[in-house]
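Sharing a structure, written as structure tokens. Questions coming.
All values derive from a computational prediction rather than experimental measurement. A note on names: the letters A, B, ... follow the listed sequences, proteins ahead of strands, and every chain is numbered from 1.
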Amino acid sequence: MAMDCKNYDFQKIEPFWQKKWLANQTFHAECLSPAEKYYVLDMFPYPSSMGLHIGHPEGYTASDILARYKWANGFNVLHPMGWDAFGLPAEQHAIATGQHPSINTAINIERFRTQIQSFGFAIDWNREVDTTNPHYYRWTQWIFLQLFKHGLAYVDDKPVWWCPELKSVLANEEVINGRSERGNFPVERKNLRQWVLKITKYADKLLDGLEDIDWPNSTKRQQIAWIGRSEGLEIDFEIIPGGSKIPVYTTRPDTIFGATFLVLAPEHELVEQTTTTENQEKVQEYIRNTKKKSDLERTDLAKEKSGVFTGSFAKNPFNGEQIPIWIADYVLVSYGTGAIMAVPAHDERDFEFAQKFNISIKQVIAPPTSENSGENENPENSLFYKNNLPFCGDGILVNSGKLNGSTTEEAKKKIMQQAEQCGFGRRAVKYKLRDWLFSRQRYWGEPIPILWIERSLYDRALTEKKTYFLDLVPHIAVSYKKNNVEWCAIPLMDNQLPLKLPETNIYLPSDDGESPLVHAKQWLNVFVNPSTGEISAEPQMGFIPAIRETNTMPQWAGSCWYYLRYMSPHYEEGLVDPQAEAYWKSPDFYIGGAEHAVLHLLYARFWHLFLYDIGAISATHEPFKKLFHQGIILGNDGNKMSKSRGNVVNPDDIVQQYGADSLRLYEMFLGPLDAMKPWSTQGIEGVYRFLKKIWALYIDGEGKVKKFLAEDNATIDRLLHETIKKVTEDIEKLQFNTAIAQMMIFINGAQKIGISRQTAVVFLQLLAPFAPHIAEELWARLGENFSVSKIKWPTYDPSKLATDQVKIILQINGKMRDEIAVNSSATQEMVEEIAWKQSRFMTFLSGKKIVKKIYIPGKILNIVVK
RNA sequence: GCUCAAGUGGUGGAAUGGUAGACACGCCAGAUUUAGGAUCUGGUGCUGCGAGGCGUGAGGGUUCGAAUCCCUCCUUGAGCACCA
């Protein structure tokens, strides 16, 4: 017992039990316990200076209910918490104050931990992880080096998204409608040397893996769309005059006879070759204009198509037709072959373009009609369909020579076959997914554990085979050229990890894409012994000059594998203890916001699949078997909570005023867990009253346990078993709102009728996952053993649910007219006999002719009349 | 524009083919109280004196029976947005 308080004094009760759970390590997850494991994972928070948001405890409470429920069912539960602590706000604070970001980060973590502990979650605090701790990021760096060694990390200086405001590059996934995902600042294209991870190599595995995991459909769909796999045909068109070939990519080879022009992207390498002398000027001007446009303009001004004719023609290899070659910026150089065959009759974009530039439109697909299956199609009579162009669906081929009458599906097959046989085309698979841009020009991130040395020294070390990095570098060297010197990347050795961030007082990146780490000159320029890997700050015999990589990793790096670290957070021999990994495998339940659908959740799956492939882990291919997104909690006014709207609810205030149990209960009672729902300041009163009612049912005005009934009456007995059933089933289905409603029904009944001591005990077990503090307190006052969350979960007795009397609804033409109570074993004849005696029911039947009777045993008797 | 999801009292929501509105908020009345607060009891979809009638975004359909299944439209939310 916490205190001998008389009233429901949550301010005394809650901290007492929180301390007790911590001190007793009540929720410590024992690795390799003989019990079956259950791993509940929350998306770990970024510890911002704003403190915890009211949305945080929503997901955390849901996972906590599950964790406590599983403990009570005999599972060995892993429910950890940690900090995704690298990130921009801490760095911006450092820039503003000149203070090292680790100081502020530590303060914020402290505050988050205190806040999270004030909710009484059954977390194993021994397993806390912090992505900014060198003991942690040592292994983030180690994973990077594995990716490097396997040729999945390389440098590139293609155009990348650059955000001038953040002074950093961003990944494709971090750019939304031409603005940064964080901060909503405009971004532009810039050529910079950057580290890139070859996530595209895992495109198919990332796609296939989605099939056997239990995730929200919308999230799966988003990942599928992001990967954007398509199957099609690459077809070579011959340039007239000239004779060289332009490969185009299409997913609709069946429309090949409808191609009336060909379009090159403005950046396409054959632009110069295809442009005739008299069109030179116009084409160059068009390309100049395109370059001036930002990517935002180029994609956002989708309304009006633009383009220019090159003067050349291309020969359609299927029918020998010559079609004009145009240049237009609606074709992207980075997708497919950067060139398309345009079929205006069956593609909206091509249609729009053809209309604007007066290019002919030729229909080759007729929409399928219900009556004919293609045989009666009259190719000459296609005028009828012209009004409906462009028609982009599947149909029947017309105007396509011997393919006329084929379906889209048949025609695709035939044309692909023909193209491959004749050698002017080949099947191809394309993806929208691009490689993951992995470096950032920031201070507050994991340093990339790479040294750069000159090419000749690199080659010499490898040919002489007397070097530590012989097996640690990819087959093809990762290199770049600057001022005519070529630099090659070599890794640090495992025992040189973690590569810690150097001390500096300059945290601001430069305007031209230089990381603040370049200012740490001592750290930056070193000497390395190529045979031993030894690093020295001073030149030495046998050492060669090297420069450290100055970019850091993006914030997503640390969160890609934290769920593995929780399994053995103090293990020093590897990222995860193989025994722990074999036992815990992967999270059984993962809950977090839907905003990470294509960022964290795609990156983490990529790393997991990779780690599995290289044998670093071995239990599962996919990291997150079951995923759930909690809904957003809106402000009182139905709008998103924001400082500017003044509708922000601070969880600390709620805990202060109503207690953590009320907050937990209320957030779960608001509505379905995945729904977006508005906070109501008045609404929380309801659950608070519920808790006070429970208190009053157990404890008298003197703070003593009340006298319970010697025995339950039948109504309460049935209600208890109904409640056990409903609460148990609803927890399994994550329908916490209705589970709480059922407990309220129980308490309302208990208040009227009274309950036995045994029933009072069982109810506390049901309540404990939702409101653990009050449940633990009353449990202790009843003299039961600590802890209520570790006692075997109650089961219901089905025989108690059966009743000897059932209610039958009497309907006429499906409308409820009366109800009767009958013996539960009553037959239809017996029910009818009683029904016919009901005067109210009979008044509805009088003068009507009975057509049919429908009887659903135990539920309904419906009389159909005329 | 395309794709997906969802529309139920004054409010949050319950019911996924069988009594629409569980549970809760709010509101009304009463009890207790010097008063307020707290607590307890009863009521509360709309309409009608009543029997009853109407009612789940709108319209249509399937069914003995539809909030639930199907079609069309409207609204809201989410995602994608020249990916050929």
Could you check whether Ser334(A) gets within reach of a base, just the sugar-phosphate, or nothing at all, counting any heavy atom under 4.0 Å?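 Ser334(A): no heavy atom of the nucleic acid under 4.0 Å.
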Base, sugar-phosphate or nothing for Ile745(A)? Non-hydrogen atoms, less than 4.0 Å.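 Result for Ile745(A) = sugar-phosphate.
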Closer than 3.5 angstrom, by distance alone: can the side chain of His346(A) be matched with the main-chain N or O of Cys392(A) as a donor-acceptor pair? no
Take atom CD of Gln742(A) and atom P of A22(B), then tell me their distance rounded to the nearest Å.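 Answer to the nearest Å: 14 Å.
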Rounded to whole Å, CD of Glu722(A) lies from P of A22(B) at a distance of 17 Å
Length of the line joining Glu304(A):CD and G1(B):C1', which is rounded to integer Å: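 The answer, rounded to whole Å, is 16 Å.
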Could you encode protein contacts along nucleotides 3-17 of chain B as a string, one character per nucleotide from 5' to 3', using B for base contact, S for sugar-phosphate-only contact and - for no contact, with a heavy-atom cut-off of under 4.0 Å? -S-------BSS---
Would you indicate what Asn217(A) reaches in the nucleic acid, counting non-hydrogen atoms under 4.0 angstrom: base, sugar-phosphate, or nothing? nothing
With rounding to the closest Å, how many angstrom separate the C1' atoms on G61(B) and G17(B)? 16 Å
Applying the Watson-Crick and G-U wobble criteria at under 3.5 Å, what pairs with G48(B)? Answer none if nothing qualifies.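 Result: none.
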To the nearest Å, give me how far apart CD (Glu231(A)) and C1' (A84(B)) are. 15 Å
Rounded to the nearest angstrom, tell me the gap between atom NE2 in His268(A) and atom P in A84(B).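 Rounded to whole Å, this separation is 16 Å.
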Protein-nucleotide distance (Ile854(A), atom CD1; C64(B), atom P), rounded to Å: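 Distance, rounded to whole Å: 7 Å.
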Proximity to RNA chain B (any heavy atom under 4.0 Å), residues of residues 685-694 of chain A only: Gly686(A), Arg689(A), Lys692(A), Lys693(A)
Would you indicate what Lys432(A) reaches in the nucleic acid, counting non-hydrogen atoms under 4.0 angstrom: base, sugar-phosphate, or nothing? base
Can you check whether Ile745(A) reaches Thr723(A) side chain to side chain, under 4.5 Å on heavy atoms?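 They are not in contact (no side-chain heavy atoms under 4.5 Å apart), so the answer is no.
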So what does Thr250(A) touch, heavy atoms closer than 4.0 Å: a base, only the sugar-phosphate, or nothing? sugar-phosphate
One should read off an interatomic distance between Arg179(A) CZ and Trp161(A) CH2, to the nearest 0.5 angstrom, of 12.5 Å
Toward the 5' end of RNA chain B, which comes first, Gly683(A) or Arg434(A), by nearest nucleotide?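 Final value for this comparison: Gly683(A).
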Whole angstrom value for the distance that separates P of G18(B) from CD of Gln828(A): 19 Å
